[in-house]
Amino acid sequence: MKENDKTAATGLETGDNTPAQNAAVETGVKEGHRAGFVNIVGNPNVGKSTLMNDLVGERISIITQKAQTTRHRIMGIVNTPDYQIVFSDTPGVLKPKYKLQESMLEFSEGALTDADVLVYVTDVVEDPEKNKDFLDRVAKEKVPVLLVINKIDLVKNQDELNAIVDKWHERLPKAEIFPTSALEHFNVENLKNRIVELLPVSPPFFGKDALTDKPARFFVTEIIREKLLLMYDKEIPYSTEVIVEKFDEKEGAIHIMAVIYVERDSQKGIIIGKGGEKIKKVGISARADIEKFFGKKVYLELFVKVEKDWRNRDNKLREFGYKE
């Protein structure tokens with residue numbers, strides 16, 4: 001979100017007072033309230049989504065062991081009376097092979113332009129020179145950069161960890177380094193406390209009860225897509241997109257109809273499985289998680305359609321929310 005977008009999000013008029021003073025008068029927000037955009041970037045499979053969920057305290061981003069799990073830029077918002085942190089989880093940085101990946105890279109690169117604090121996530125085995133061009137841009141950032149070395153639970157001893165820290169300090173000398181295990185919740189609170197210290201004094205950008213900028217339908221699609229990543233091999237899950245065509249919420253239940261798009265007829269057969277067995281398993285597993293997410297009974301219907309070569313078609317990428 002650019003600076004002018006931030007101002008619009010507050011809905012406040014600016015006058016002689018500072019924005020924080022205006023917010024205190026008009027919304028009852030504490031004077032000295034802090035708020036800012038904290039963007040999480042890094043290469044695939046280093047644990048960005050696990051870290052995001054731990055920092056937010058909610059399951060905002062889906063998590064699998066497969067690369068390229070995150071396709072969109074997803075906001076998770078943390079509110080207290082004293083601050084609002086707007087976290088953004090972004091797709092892993094990669095060299096695009098098709099137009100969908102070009103859009104994913106744009107989400108990641110966009111996160112470098114509008115952060116108040118940048119969190120660069122790596123892990124204990126990654127080569128610091130991987131995706132060197134992107135890392136060079138991180139090194140030139142004028143906003144505070146917090147370097148998270150994730151998965152330190154895999155390190156054998158302190159000497160090994162010290163060597164990793166030294167190597168990254170040479171690569172990003174201005175960054176503050178946080179050895180972390182998001183999976184074990186190790187050092188995550190210290191990271192969060194430092195983020196709060198670095199936030200600018202500002203009114204909140206979203207309502208104080210907001211958890212994310214995404215609609216309910218988005219999380220349904222992400223949960224279904226997570227099951228596809230977990231249950232199918234090779235290229236199949238990467239060739240799929242999920243669109244919710246019906247989301248009918250009533251007091252005690254939600255009726256959802258969703259379409260899984262694939263690129264080829266052969267993929268449709270694999271997704272459905274013999275006698276519909278595979279798609280049924282996807283539906284059962286997804287429904288359980290959707291019910292947990294919304295706290296309601298869910299009736300889920302899944303359909304599979306072919307949309308040939310959708311990952312390279314601008315009109316489809318626009319329709320599926322990857323392009324404006």
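In this text, all values refer to a predicted model and were calculated from it rather than measured experimentally. Side-chain atoms are counted along with the backbone in the values below, which use heavy atoms only and exclude waters and symmetry mates.
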Kindly indicate, with the supporting measurements, whether the criterion side-chain contact (heavy atoms from CB on, under 4.5 Å) is fulfilled by Thr212 and Phe219. CA-CA 10 Å; Thr212 182; Phe219 293 98; 3.5 Å; yes
Please check if Ile164 and Leu135 belong to a single hydrophobic cluster, counting links between Ile, Leu, Val, Met, Phe, Trp and Tyr side chain heavy atoms closer than 4.5 Å. yes
Please test Val119 against Phe87 for side-chain contact (heavy atoms from CB on, under 4.5 Å), starting from the C-alpha separation and ending with a verdict. CA-CA 10 Å; Val119 177; Phe87 288 106; 5.6 Å; no
Near Phe247 CZ, under 6.0 Å, is it more than 12 heavy atoms from other residues, nucleotides or ligands? yes
Checking the side chain of Ser108 only, and the main-chain atoms of Thr90 only, is there a donor and an acceptor separated by less than 3.5 Å? no
With a 4.5 Å cut-off on side-chain heavy atoms, are Val56 and Leu211 touching? yes
Could you tell me whether the side chains of Ser49 and Thr70 share a donor-acceptor contact shorter than 3.5 Å? yes
Verify the cluster assignment for Val117 and Val196: are they in a single hydrophobic cluster under the rule of side-chain heavy atoms below 4.5 Å apart? yes
Minimal heavy-atom distance between Ser181 and Ile152, with the atoms involved, is N-CG1, 4.2 Å
Taking atom NZ of Lys308 as the centre, does the number of heavy atoms from other residues, nucleotides or ligands within less than 6.0 Å exceed 12? yes
Main-chain N/O of Glu126 paired with Asp123 side-chain donor or acceptor, under 3.5 Å: yes
Give, for atom OG1 of Thr240 and atom CD1 of Ile271, the distance between the pair rounded to the nearest 0.5 Å. 6.0 Å
Hphob cluster co-occupancy, Leu146 + Ile177, side-chain heavy atoms under 4.5 angstrom: no
Indicate the atoms forming the closest heavy-atom contact of Ala182 with Asn150, along with that distance. N-OD1, 2.9 Å
Electrostatic pair Lys97:Glu235 at N-O distance under 4.0 angstrom: no
Using modelled atom types and a 3.5 Å cut-off, is there a donor and acceptor pairing between side-chain atoms of Asn53 and backbone atoms of Ser61? yes
Over all heavy atoms of both residues, which pair between Val304 and Lys268 is shortest? Give the atoms and the distance, please. O-CE, 3.3 Å
Could you tell me whether the side chain of Glu291 and the main chain of Val298 form a donor-acceptor pair under 3.5 Å? yes
For Val38 and Leu199, run side-chain contact (heavy atoms from CB on, under 4.5 Å): C-alpha distance rounded to whole Å, both residues' side-chain angles, the deciding distance at 0.1 Å, then the answer. CA-CA 9 Å; Val38 179; Leu199 293 177; 4.1 Å; yes
Is it the case that the side chain of Asn39 and the backbone of Ala111 share a donor-acceptor pair, with hydrogens and angles ignored and the cut-off at 3.5 Å? yes
Is the closest basic N to carboxylate O distance between Asp114 and Arg73 below 4.0 Å? yes
Testing Glu241, Lys99, Glu106, Glu102 for side-chain hydrogen bond (donor to acceptor under 3.5 Å, both in side chains) with Tyr322, which one passes? Glu241
Is the number of heavy atoms from other residues, nucleotides or ligands within 6.0 Å of NZ (Lys281) greater than 12? no
Look at atom CD of Glu277 and say whether more than 12 heavy atoms of other residues, nucleotides or ligands are closer to it than 6.0 Å. no
Any side-chain heavy atom of Pro128 within less than 4.5 Å of one from Thr122? no
Under a 4.0 Å threshold between the charged nitrogen and the carboxylate oxygen, would Glu141 count as salt-bridged to Lys174? no
When Glu263 is tested against each of Arg313, Lys305, Arg311 for salt bridge (charged side-chain N to carboxylate O under 4.0 Å, His left out), which residue passes? Arg311
Decide if atom NE2 of His255 counts as having more than 12 heavy atoms of other residues, nucleotides or ligands within a radius under 6.0 Å. yes
Which heavy atom in Lys30 sits nearest to a heavy atom in Pro81, and how many Å separate them? CD-O, 3.9 Å
So Lys214 and Ile60, side-chain contact (heavy atoms from CB on, under 4.5 Å) or not? Walk me through it. CA-CA 10 Å; Lys214 298 294 185 186; Ile60 298 292; over 6 Å; no
Polar side-chain atom of Glu160 near backbone of Lys156 as donor-acceptor pair, under 3.5 Å: yes
Side-chain heavy atoms under 4.5 angstrom apart, residues restricted to Ile, Leu, Val, Met, Phe, Trp, Tyr: same cluster for Leu51 and Val125? no
Can the ring centres of Phe320 and Trp310 be said to be less than 6.0 Å apart? yes
Any sub-3.5 Å donor-acceptor pair from Ser266's side-chain atoms to Arg264's backbone N or O? no
Check whether Arg287 reaches the backbone of Leu300 with its side chain - one donor and one acceptor, N or O, closer than 3.5 Å. no
Test the Lys278-Tyr232 pair against the cation-pi criterion, namely NZ or CZ under 6.0 angstrom from the six-membered ring centroid and within 45° of the ring axis. yes
If you look at every heavy atom in Val93 and Asn131, which pair is closest and at what distance? O-ND2, 2.9 Å
Test item: Arg34 side-chain N/O and Leu198 main-chain N/O as donor-acceptor pair under 3.5 Å: no
Please check if the number of heavy atoms outside Lys280 that lie under 6.0 Å from its NZ is greater than 12. no
ILVMFWY cluster, Val220 and Ile74 together (side-chain gap under 4.5 Å): yes
Thinking salt bridges, do Lys296 and Glu249 make one under a 4.0 Å N-O criterion? yes
Between Pro96 and Leu105, which heavy-atom pair has the shortest distance, and what is it? CG-CD2, 3.8 Å
Under-4.0 Å salt bridge between Arg171 and Asp136: yes
Does the distance from a Lys or Arg side-chain N to an Asp or Glu carboxylate O, for Glu129 and Lys132, drop under 4.0 Å? no
Taking Asn193 for its side chain and Glu189 for its backbone only, find out whether a donor-acceptor pair lies under 3.5 Å. yes
